[in-house]
Visitor: 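Okay, here's the structure, questions in a sec.
Every heavy atom of this structure was used, including side-chain atoms; hydrogens, water molecules and symmetry mates were not. We number each residue from 1, following the sequence as shown.
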Amino acid sequence: RFRIKNSSDTPVQKILSIQKSLQDTVQFFYRHQNKLEMLQSGQMISEAQKALPGFFISFPITLKKNSIDTFYLRTVSKYGKSFAIKLLDKPVYDKNEQIELIITCLLIGIFITILIYNFFLARSLKDTIYDFYCASVVGSLSVQLLFRGFLKLFVVDNSPFLQEWLPIFI
(Lines give C-alpha, C1' and ligand atoms only; values in the text may rest on other atoms or scores of the structure.)
Protein backbone atom coordinates (compact mmCIF):
# COMPACT_ATOMS: atom_id res chain seq x y z
CA ARG A 1 0.00 0.00 0.00
CA PHE A 2 1.24 3.48 -0.80
CA ARG A 3 -0.16 6.99 -1.05
CA ILE A 4 0.49 9.76 -3.52
CA LYS A 5 -0.39 13.37 -2.81
CA ASN A 6 -1.42 15.80 -5.53
CA SER A 7 -1.27 19.34 -4.14
CA SER A 8 -2.06 21.09 -7.42
CA ASP A 9 -5.43 22.49 -8.47
CA THR A 10 -5.61 20.28 -11.56
CA PRO A 11 -5.82 16.53 -12.05
CA VAL A 12 -2.48 14.95 -12.97
CA GLN A 13 -1.81 12.04 -15.32
CA LYS A 14 1.27 9.97 -14.39
CA ILE A 15 2.68 6.55 -15.11
CA LEU A 16 3.78 4.28 -12.28
CA SER A 17 6.73 2.35 -13.70
CA ILE A 18 8.42 -0.62 -12.06
CA GLN A 19 11.98 -0.62 -13.39
CA LYS A 20 13.77 -3.80 -14.53
CA SER A 21 11.92 -6.25 -12.37
CA LEU A 22 11.42 -9.95 -12.93
CA GLN A 23 7.94 -10.07 -11.43
CA ASP A 24 5.65 -12.76 -12.80
CA THR A 25 2.50 -10.79 -12.08
CA VAL A 26 1.91 -7.36 -10.59
CA GLN A 27 -1.64 -6.37 -9.77
CA PHE A 28 -2.33 -2.67 -9.26
CA PHE A 29 -5.44 -1.67 -7.33
CA TYR A 30 -6.97 1.82 -7.25
CA ARG A 31 -10.28 3.34 -6.22
CA HIS A 32 -12.72 4.31 -8.92
CA GLN A 33 -16.24 5.43 -7.91
CA ASN A 34 -15.77 3.91 -4.43
CA LYS A 35 -14.84 0.50 -5.84
CA LEU A 36 -11.42 -1.10 -6.09
CA GLU A 37 -10.41 -1.56 -9.72
CA MET A 38 -7.53 -3.76 -10.80
CA LEU A 39 -4.94 -3.49 -13.58
CA GLN A 40 -2.25 -6.10 -14.12
CA SER A 41 1.10 -6.42 -15.77
CA GLY A 42 4.23 -8.53 -15.46
CA GLN A 43 6.39 -11.09 -17.19
CA MET A 44 3.65 -13.74 -17.20
CA ILE A 45 0.88 -11.46 -18.46
CA SER A 46 0.28 -11.36 -22.20
CA GLU A 47 0.90 -8.04 -23.93
CA ALA A 48 -2.79 -7.67 -24.79
CA GLN A 49 -3.78 -7.91 -21.10
CA LYS A 50 -1.13 -5.53 -19.73
CA ALA A 51 -2.13 -2.10 -18.49
CA LEU A 52 0.62 -0.54 -20.63
CA PRO A 53 2.59 -2.74 -23.04
CA GLY A 54 6.36 -2.28 -23.09
CA PHE A 55 9.65 -3.27 -21.52
CA PHE A 56 8.78 -2.03 -18.04
CA ILE A 57 5.89 -3.03 -15.84
CA SER A 58 3.77 0.13 -15.87
CA PHE A 59 0.36 1.43 -14.85
CA PRO A 60 -1.42 4.69 -15.73
CA ILE A 61 -2.43 6.80 -12.73
CA THR A 62 -4.83 9.72 -12.54
CA LEU A 63 -4.38 11.86 -9.44
CA LYS A 64 -7.38 14.00 -8.51
CA LYS A 65 -6.83 17.66 -7.70
CA ASN A 66 -5.86 18.45 -4.10
CA SER A 67 -6.10 14.86 -2.94
CA ILE A 68 -4.17 12.02 -1.38
CA ASP A 69 -4.84 8.79 -3.25
CA THR A 70 -4.12 5.32 -1.91
CA PHE A 71 -2.95 2.56 -4.24
CA TYR A 72 -2.15 -1.10 -3.67
CA LEU A 73 0.31 -3.43 -5.38
CA ARG A 74 0.28 -7.21 -5.17
CA THR A 75 3.20 -9.08 -6.70
CA VAL A 76 3.74 -12.73 -7.54
CA SER A 77 7.26 -13.78 -8.32
CA LYS A 78 9.52 -16.80 -8.28
CA TYR A 79 12.59 -14.54 -8.31
CA GLY A 80 12.17 -12.15 -5.39
CA LYS A 81 10.28 -8.98 -4.67
CA SER A 82 12.91 -6.28 -4.91
CA PHE A 83 12.21 -3.55 -7.45
CA ALA A 84 12.32 0.21 -7.94
CA ILE A 85 9.15 2.21 -8.50
CA LYS A 86 9.14 5.53 -10.35
CA LEU A 87 6.32 7.96 -10.98
CA LEU A 88 6.88 9.38 -14.47
CA ASP A 89 5.29 11.77 -16.92
CA LYS A 90 4.22 10.27 -20.26
CA PRO A 91 7.07 11.89 -22.30
CA VAL A 92 9.71 10.66 -19.81
CA TYR A 93 8.19 7.17 -19.82
CA ASP A 94 8.18 7.10 -23.63
CA LYS A 95 11.81 8.24 -23.69
CA ASN A 96 12.82 5.49 -21.23
CA GLU A 97 11.03 2.88 -23.34
CA GLN A 98 12.75 4.19 -26.48
CA ILE A 99 16.21 4.12 -24.83
CA GLU A 100 15.64 0.54 -23.66
CA LEU A 101 14.58 -0.47 -27.18
CA ILE A 102 17.66 1.18 -28.72
CA ILE A 103 20.00 -0.52 -26.23
CA THR A 104 18.36 -3.88 -26.87
CA CYS A 105 18.57 -3.51 -30.65
CA LEU A 106 22.23 -2.43 -30.49
CA LEU A 107 23.11 -5.37 -28.26
CA ILE A 108 21.33 -7.86 -30.50
CA GLY A 109 22.97 -6.28 -33.57
CA ILE A 110 26.41 -6.60 -32.00
CA PHE A 111 25.83 -10.27 -31.21
CA ILE A 112 24.59 -10.99 -34.74
CA THR A 113 27.61 -9.17 -36.24
CA ILE A 114 30.02 -11.17 -34.07
CA LEU A 115 28.20 -14.37 -35.01
CA ILE A 116 28.44 -13.69 -38.76
CA TYR A 117 32.10 -12.65 -38.47
CA ASN A 118 33.07 -15.80 -36.56
CA PHE A 119 31.03 -18.00 -38.88
CA PHE A 120 32.92 -16.75 -41.94
CA LEU A 121 36.25 -17.03 -40.12
CA ALA A 122 35.43 -20.62 -39.20
CA ARG A 123 34.60 -21.47 -42.81
CA SER A 124 37.54 -19.66 -44.41
CA LEU A 125 40.22 -20.72 -41.91
CA LYS A 126 38.73 -24.18 -41.29
CA ASP A 127 39.48 -23.78 -37.61
CA THR A 128 36.98 -25.36 -35.20
CA ILE A 129 37.64 -22.86 -32.43
CA TYR A 130 35.52 -20.33 -34.35
CA ASP A 131 32.63 -22.83 -34.31
CA PHE A 132 32.83 -22.72 -30.53
CA TYR A 133 32.86 -18.92 -30.66
CA CYS A 134 29.73 -19.09 -32.82
CA ALA A 135 28.05 -21.44 -30.36
CA SER A 136 28.89 -19.18 -27.42
CA VAL A 137 27.57 -16.12 -29.27
CA VAL A 138 24.34 -17.98 -30.13
CA GLY A 139 24.00 -18.84 -26.43
CA SER A 140 24.63 -15.24 -25.37
CA LEU A 141 22.19 -13.96 -27.98
CA SER A 142 19.56 -16.45 -26.79
CA VAL A 143 20.00 -15.37 -23.19
CA GLN A 144 19.57 -11.72 -24.17
CA LEU A 145 16.47 -12.50 -26.23
CA LEU A 146 15.01 -14.43 -23.30
CA PHE A 147 15.96 -11.80 -20.72
CA ARG A 148 14.66 -8.88 -22.78
CA GLY A 149 11.32 -10.63 -23.33
CA PHE A 150 11.44 -11.35 -27.06
CA LEU A 151 10.80 -15.08 -26.57
CA LYS A 152 7.77 -14.30 -24.46
CA LEU A 153 6.53 -11.69 -26.90
CA PHE A 154 6.75 -13.82 -30.05
CA VAL A 155 6.60 -17.46 -28.91
CA VAL A 156 5.12 -17.96 -25.47
CA ASP A 157 2.60 -15.10 -25.27
CA ASN A 158 -0.34 -17.10 -26.64
CA SER A 159 0.48 -20.44 -25.02
CA PRO A 160 -0.80 -20.88 -21.44
CA PHE A 161 1.01 -24.23 -21.19
CA LEU A 162 4.39 -22.65 -21.98
CA GLN A 163 3.65 -19.67 -19.73
CA GLU A 164 3.04 -22.04 -16.85
CA TRP A 165 5.99 -24.37 -17.39
CA LEU A 166 8.74 -22.12 -18.77
CA PRO A 167 8.76 -19.16 -16.35
CA ILE A 168 12.47 -19.35 -15.68
CA PHE A 169 13.22 -18.65 -19.35
CA ILE A 170 10.86 -15.75 -19.79
Side-chain angles (χ1 to χ4, degrees), residues 1-110 141-170:
R1 178 178 94 156
F2 60 95
R3 293 182 179 173
I4 300 175
K5 180 179 181 179
N6 180 12
S7 56
S8 69
D9 292 334
T10 59
V12 176
Q13 298 284 332
K14 295 283 187 180
I15 294 177
L16 180 79
S17 180
I18 299 174
Q19 304 289 308
K20 303 222 187 233
S21 73
L22 293 173
Q23 303 300 312
D24 291 345
T25 304
V26 177
Q27 294 173 333
F28 176 74
F29 296 92
Y30 63 97
R31 290 214 178 269
H32 181 68
Q33 298 176 350
N34 291 329
K35 283 180 23 182
L36 274 180
E37 300 285 332
M38 181 189 77
L39 297 173
Q40 61 183 1
S41 190
Q43 300 294 327
M44 299 304 291
I45 304 297
S46 69
E47 290 293 313
Q49 295 176 341
K50 284 185 176 182
L52 288 173
F55 282 103
F56 303 118
I57 298 171
S58 304
F59 302 98
I61 292 179
T62 301
L63 302 172
K64 300 174 199 127
K65 62 181 182 178
N66 296 320
S67 67
I68 298 174
D69 295 315
T70 302
F71 302 98
Y72 302 92
L73 281 178
R74 180 174 26 189
T75 63
V76 175
S77 177
K78 296 174 181 72
Y79 311 108
K81 298 199 186 216
S82 176
F83 49 83
I85 297 177
K86 290 185 178 180
L87 196 58
L88 304 171
D89 292 321
K90 180 73 169 145
V92 174
Y93 172 77
D94 290 339
K95 183 179 178 186
N96 288 349
E97 285 282 325
Q98 186 177 29
I99 289 171
E100 188 70 24
L101 182 62
I102 289 170
I103 290 171
T104 300
C105 290
L106 284 173
L107 186 63
I108 291 170
I110 288 168
L141 180 61
S142 300
V143 166
Q144 285 303 313
L145 290 174
L146 294 171
F147 178 71
R148 303 284 179 167
F150 285 101
L151 176 76
K152 179 191 159 309
L153 185 63
F154 296 113
V155 177
V156 181
D157 208 25
N158 294 325
S159 174
F161 175 78
L162 290 177
Q163 280 190 358
E164 179 67 28
W165 294 102
L166 294 175
I168 201 158
F169 296 114
I170 52 176

Visitor: Quick one: pull up NZ in Lys65 and OG1 in Thr10 and give me the separation to the nearest 0.5 Å.
Guide: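 Here the rounded value is 9.0 Å.
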Visitor: In Å and rounded to the nearest 0.5 Å, what is the OG to CD1 distance from Ser17 to Ile57?
Guide: 9.0 Å
Visitor: Start with the C-alpha distance between Phe2 and Leu16, add both sets of side-chain angles, then the distance that settles side chain to side chain contact (heavy atoms under 4.5 Å, CB included), and finish with yes or no.
Guide: CA-CA 12 Å; Phe2 60 95; Leu16 180 79; 3.9 Å; yes
Visitor: Counting neighbours of CD1 on Ile99 that are heavy atoms of other residues, nucleotides or ligands and sit closer than 6.0 Å, is the number greater than 12?
Guide: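 Yes.
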Visitor: Measuring only between side-chain heavy atoms, which start at C-beta, is Thr104 closer than 4.5 Å to Glu100?
Guide: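 In contact.
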Visitor: Do any pairs count as a salt bridge (Lys or Arg N to Asp or Glu O under 4.0 Å) and have a residue in residues 82-91, sequence neighbours left out, and if so which ones?
Guide: Lys14-Asp89, Lys90-Asp94
Visitor: Can you list the residues that meet the side chain to side chain donor-acceptor pair (under 3.5 Å) rule with Ser8, with sequence neighbours excluded?
Guide: Asn6
Visitor: Tell me, do Val26 and Leu73 make a side-chain contact under 4.5 Å, heavy atoms counted?
Guide: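 When only atoms from C-beta onward are counted, Leu73 and Val26 do touch, with a gap below 4.5 Å.
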Visitor: Can you name the ring-ring contact (aromatic ring centres under 6.0 Å, His included) partners of Phe59, sequence neighbours left out?
Guide: Phe28
Visitor: Can you check side chain to side chain contact (heavy atoms under 4.5 Å, CB included) on Ile102 and Gln98, steps first, answer last?
Guide: CA-CA 6 Å; Ile102 289 170; Gln98 186 177 29; 4.1 Å; yes
Visitor: Mind checking what makes side chain to side chain contact (heavy atoms under 4.5 Å, CB included) contact with Gln33, not counting sequence neighbours?
Guide: none
Visitor: Side chain to side chain donor-acceptor pair (under 3.5 Å) with Asn34: which residues, sequence neighbours excluded?
Guide: none
Visitor: Once rounded to the nearest 0.5 Å, what's the spacing between atom CD1 of Ile110 and atom SG of Cys105?
Guide: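 Ile110 atom CD1 to Cys105 atom SG measures 11.5 Å (nearest 0.5 Å).
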Visitor: Going by the rule side chain to side chain contact (heavy atoms under 4.5 Å, CB included), which residues pair with Leu52 if we only count those two or more places apart in sequence or in a different chain?
Guide: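 With sequence neighbours excluded, Leu52 shows a side chain to side chain contact (heavy atoms under 4.5 Å, CB included) to Ile15, Ser58, Pro60, Tyr93, given in chain and number order.
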Visitor: Not counting sequence neighbours, which residues clear side chain to side chain donor-acceptor pair (under 3.5 Å) with Arg3? List them please.
Guide: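 For Arg3, the residues satisfying side chain to side chain donor-acceptor pair (under 3.5 Å) (neighbours in sequence not counted) are Thr70.
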Visitor: Ile18 versus Phe56: any side-chain heavy-atom pair under 4.5 Å?
Guide: no
Visitor: With sequence neighbours left out, what residues match Gln13 under side chain to side chain donor-acceptor pair (under 3.5 Å)?
Guide: Thr62
Visitor: What do the steps show when you test Phe71 against Tyr30 for ring-ring contact (aromatic ring centres under 6.0 Å, His included), and what is the final call?
Guide: CA-CA 5 Å; Phe71 302 98; Tyr30 63 97; 7.2 Å; no
Visitor: Who passes side chain to side chain contact (heavy atoms under 4.5 Å, CB included) against Gln27, sequence neighbours left out?
Guide: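 Gln27 satisfies side chain to side chain contact (heavy atoms under 4.5 Å, CB included) with Thr25, Phe29, Met38, Gln40, Arg74 only.
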Visitor: With sequence neighbours left out, what residues match Lys64 under side chain to side chain contact (heavy atoms under 4.5 Å, CB included)?
Guide: Ser67, Asp69
Visitor: Quick one: CD1 on Ile68 to CG on Leu63, what's the gap to the nearest 0.5 Å?
Guide: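 It is 11.0 Å, given to the nearest 0.5 Å.
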